[in-house]
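In what follows, a structure is listed as structure tokens, so that the remarks can point back to it.
All values derive from a computational prediction rather than experimental measurement. All values below come from the heavy atoms of this structure, side chains included, with hydrogens, waters and symmetry mates left out. Letters go in sequence order (proteins before strands), and every chain restarts at 1.
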Protein chains: 2
Amino acid sequence: MAMSGTDLSRMRELNQLSVLWALRGNAPSTVTEIAGRTGLSRPAADVLVQQLVTDGWAEVEEPGASSTVGRPARRYRFRAGAGHVLGIDIGVHKILVMLCDLEGNLVQSLRRPADPRASPDERLASVDQTIDDVLREAGMAPADVWAVTVGVTGPVDERGRTSIATSLPGWREADPVAHLRARFTCPIQVENDCKLAAVAERWKGVAQDADDIVYLLAGLRTGAGLIIDGTLRRGYGGVAGEIGALKAVRWLNAPEHLATCPGVPSGAKPSEAAAWVFQAARDGDSAAKTAVQRYIRDLAIGVAALVLTLDPQIVVYGGGFSRSADLVLDPLRRELAKHCLRVPELRASTLSDEGVALGGLRLALDQVDNRLLSGQLAAPVAPQFS
Amino acid sequence: MAMSGTDLSRMRELNQLSVLWALRGNAPSTVTEIAGRTGLSRPAADVLVQQLVTDGWAEVEEPGASSTVGRPARRYRFRAGAGHVLGIDIGVHKILVMLCDLEGNLVQSLRRPADPRASPDERLASVDQTIDDVLREAGMAPADVWAVTVGVTGPVDERGRTSIATSLPGWREADPVAHLRARFTCPIQVENDCKLAAVAERWKGVAQDADDIVYLLAGLRTGAGLIIDGTLRRGYGGVAGEIGALKAVRWLNAPEHLATCPGVPSGAKPSEAAAWVFQAARDGDSAAKTAVQRYIRDLAIGVAALVLTLDPQIVVYGGGFSRSADLVLDPLRRELAKHCLRVPELRASTLSDEGVALGGLRLALDQVDNRLLSGQLAAPVAPQFS
DNA sequence: CTGAATAATGCTATGCACTTTACTAAATCT
DNA sequence: AGATTTAGTAAAGTGCATAGCATTATTCAG
């Protein structure tokens, strides 16, 4: 534990950040409110916030009609529009690009279908196109983007490669970071889709109140993302949560119970087949009910392994099958009770298929925050390089 | 993320702590060295360290014969003896009590055999006796102890109870915290033995260089302790790491392969049987080699589940069987390679059976540190209550 | 419409903690 | 004995936060 001494300038820096944090995420605030929130004196808060205004981090709102007695106060607001970040979901069937400001408000979002068999080059070209459209509609240039996070399937190493495995054809050789660096000078990171979806659930989803979360991606693929003590758990080699690789955990085969269920319309695509089975089970078809039951039983073993290892507060059931959570949650809870010492709360995701891009936005915002906390609080401009 | 403003007095407090940290764990230091280590100016370091001396946290060492040119410097040293902490291992077969000072130097250590069938009252009485002996031999009173950590088997809840399960007979009803509070007014915490052993490996064992560690307790019982991002992972309900509860993980039965190995001397106690099998395997006995192989194969499934979930840097092989690490490590590594995406480094523990008590010391010291960091830096006295 | 009450702003004086600089003290080396 | 090196100490300077007071802008009551 190395602590280093603090001096006056560092103290001012910390107080400046403290004021910035007090502004962000709150309605436009008077100096008195800021002073109260930060614990600083009013004069101190005053000069600090004025410095933020001249630096471009905050802006003044001159007093309008006041509803209370006394001299109406100037209000200051965080200039959320000073910078923006991108969250990009490169999926098998779709590409989703989201743009938000520094406060996390969604500014622009664009979705574009993708051919599951598209080559990496074609897919990246489509990503480029979508980014262009988003930026154009938002009236912004690449230099206005402060951080980019990309979500892809499969384990991601620290250089942003998915060389171990991925469902995107040819993607093991792809280098999305290098590709995007041609256009963006800001930090670019690539992350696994389950991990990003987990982050999104804690940010805007059903797990905002928890610090220890297992996110379960349930769909034609099965995967997991872990949040421990409030931070995303990547693992020493970036492959944390890949419990599905264990043969004793039948995650690879679990969705097959749905695909091979008797009665599935012939010629149906896998995703259609699964949807059909869930609906049939809802309608009382006994073969479908058995198939769902078997799926849940297999799914539960892997979830139990994660839960027993981590003892999380919440398990979030997300992914393509989360629309059928009404059929899954209760039986899954019963299965977990058989295996686990303590059954965590089970919740269904509500972010539909936007979780990955949303999580990307959150991670990009975290990147910006870290720069503010570590580096000095300079005027708001996009950081260079990654 | 709530940040609160800093003022001058808080700044001084931080700098004071910074100097304290710079003293602790280093040889007696001159003011110039302290200034260099903390980044403070020499006059600032001077007044701060002198304040620490008057408060009782540090002491002066007047200059003796100097070996270098120039005026010899006064040296200041952390007064490690200002306080002490206890680490207690309440095991099935033994009770081990360790006492160390604030710098973590072992002051006194005492071991006492325990009857596996002893009742909780008998066991606690033996603990009391051992504590008395340790304190007496160290010339200390209970009031000199600043924190106590106790290690027991089984999952521990936040109140220090092991109501779910434990190998200590009758212990599910025991309340060691309440018992010890009759004697100590300082904070007392109870923790699972595997978790403490994991902490010890990172402090004084073979995993000092790692932040992400899976500690494997391999013996007649099998268990695990997890360290993630450098901190002990307890889990939301305190049952993290209990992967052995999963039936698909054959940890409960794994040691039976050793007990039921043909050729084991009849009438041998389980621990003797295991030792015999390992030695026979070393000597080339093929039945014993098969038994060990089966044991490792079963063990590996649970380890693989932990490793796939967490992707740690290191797996430490500890517990009673760690003396046979020469037979286990290589085959275990090969088994893991079959299951895992990335095989972590595998190391054998060298702390023999002192890991639990050592980990207890470390956690007690952490408790003291946290008090220093959060509360103000008062004169060194034992904290009251927990 | 005028004056009192209220609440925010702006300014000045004060105090605190650290840094810089300069000077004195105590040892070794030539 | 004098030069050199390093430690300790004192004084001046800087930057920041706080406290208190005067000022300003608005509402409310008569």
Side-chain angles (χ1 to χ4, degrees), chain A residues 3-20 22 27-55 58 60-77 376-377, chain B residues 3-20 22-23 27-55 58-77 376-377:
Chain A
M3 288 180 52
S4 70
T6 315
D7 68 345
L8 286 301
S9 62
R10 174 68 184 152
M11 175 169 121
R12 183 177 180 81
E13 213 172 281
L14 288 173
N15 284 347
Q16 191 110 353
L17 278 169
S18 167
V19 170
L20 196 62
S29 314
T30 69
V31 174
T32 315
E33 285 167 354
I34 295 168
R37 241 174 260 151
T38 56
L40 297 168
S41 67
R42 207 177 47 81
D46 189 61
V47 30
L48 287 170
V49 76
Q50 276 177 35
Q51 183 62 47
L52 287 176
V53 170
T54 64
D55 285 353
V60 195
E61 180 180 286
E62 287 302 336
S66 76
S67 56
T68 173
V69 70
R71 176 175 177 170
R74 256 202 288 275
R75 292 185 170 271
Y76 296 86
R77 107 165 57 88
Q376 57 279 33
L377 196 66
Chain B
M3 288 181 52
S4 71
T6 315
D7 68 344
L8 284 302
S9 62
R10 175 69 184 151
M11 178 168 118
R12 185 179 179 83
E13 213 173 280
L14 288 173
N15 284 343
Q16 191 111 351
L17 278 170
S18 166
V19 170
L20 196 63
L23 282 177
S29 314
T30 68
V31 173
T32 314
E33 286 167 352
I34 295 168
R37 243 174 256 151
T38 56
L40 296 167
S41 69
R42 205 160 47 93
D46 191 60
V47 330
L48 286 170
V49 77
Q50 277 177 36
Q51 183 62 48
L52 287 175
V53 170
T54 64
D55 285 353
E59 53 194 1
V60 196
E61 180 180 286
E62 287 301 336
S66 75
S67 56
T68 172
V69 69
R71 174 176 176 171
R74 257 203 289 273
R75 291 183 174 274
Y76 296 87
R77 108 165 57 89
Q376 56 279 34
L377 195 66

Give me, pair by pair, the N or O atoms of the protein and of nucleotides 2-5 of chain D that are less than 3.5 Å apart, along with how far apart they are.
none

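- No hydrogens or angles considered: nothing links the side chains of A:Ser18 and A:Arg37 as a donor-acceptor pair under 3.5 Å.
- Proximity of B:Asn15 to B:Val19: side-chain heavy atoms (C-beta onward) are nowhere separated by under 4.5 Å.
- With rounding to whole Å, B:Ile34 atom CD1 is found 14 Å from D:dG8 atom C1'.
- Among the protein residues, A:Thr30 comes within range of no part of the nucleic acid, since none of its heavy atoms lies under 4.0 Å from any strand.
- Judged by distance alone, with hydrogens and angles left aside, the side-chain atoms of B:Thr38 form no donor-acceptor pair with the main-chain N or O of B:Gly36 at under 3.5 Å.
- When distances are taken from the side chain of B:Pro72 to each of D:dA7, C:dA26, C:dG10, the shortest belongs to C:dA26.
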Only pairs under 3.5 Å count here: list side-chain donor-acceptor contacts from residues 42-54 of chain B, not counting sequence neighbours, and write none if there are none.
from    : atom 1 : to      : atom 2 : distance (Å)
B:Asp46 : OD1    : B:Gln50 : NE2    : 3.4
B:Asp46 : OD2    : B:Gln50 : NE2    : 3.1
B:Gln51 : NE2    : B:Thr54 : OG1    : 3.4
B:Gln51 : NE2    : B:Asp55 : OD1    : 3.1
B:Thr54 : OG1    : B:Gln51 : O      : 2.8

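- A:Arg74 has its CZ atom 12 Å from the P atom of D:dT26, to the nearest Å.
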One character per nucleotide, please: for nucleotides 13-21 of chain D, 5' to 3', B when the base has a protein heavy atom closer than 4.0 Å, S when only the sugar-phosphate does, - otherwise. ---SSB---

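- The side chain to side chain donor-acceptor pair (under 3.5 Å) check on A:Ser9 picks up A:Asp7, with sequence neighbours excluded.
- In this structure, the side chain to side chain contact (heavy atoms under 4.5 Å, CB included) partners of A:Pro28, at least two apart in sequence or on a different chain, are A:Glu61, A:Arg75, A:Arg77.
- Atom OH of B:Tyr76 sits about 10.0 Å away from atom CG of B:Leu23, to the nearest 0.5 Å.
- In this entry the distance linking CZ of A:Arg10 with P of C:dT19 reads 15 Å, nearest Å.
- Here CE of A:Met11 is found 11.0 Å from CG of B:Leu14. Values are rounded to the nearest 0.5 Å.
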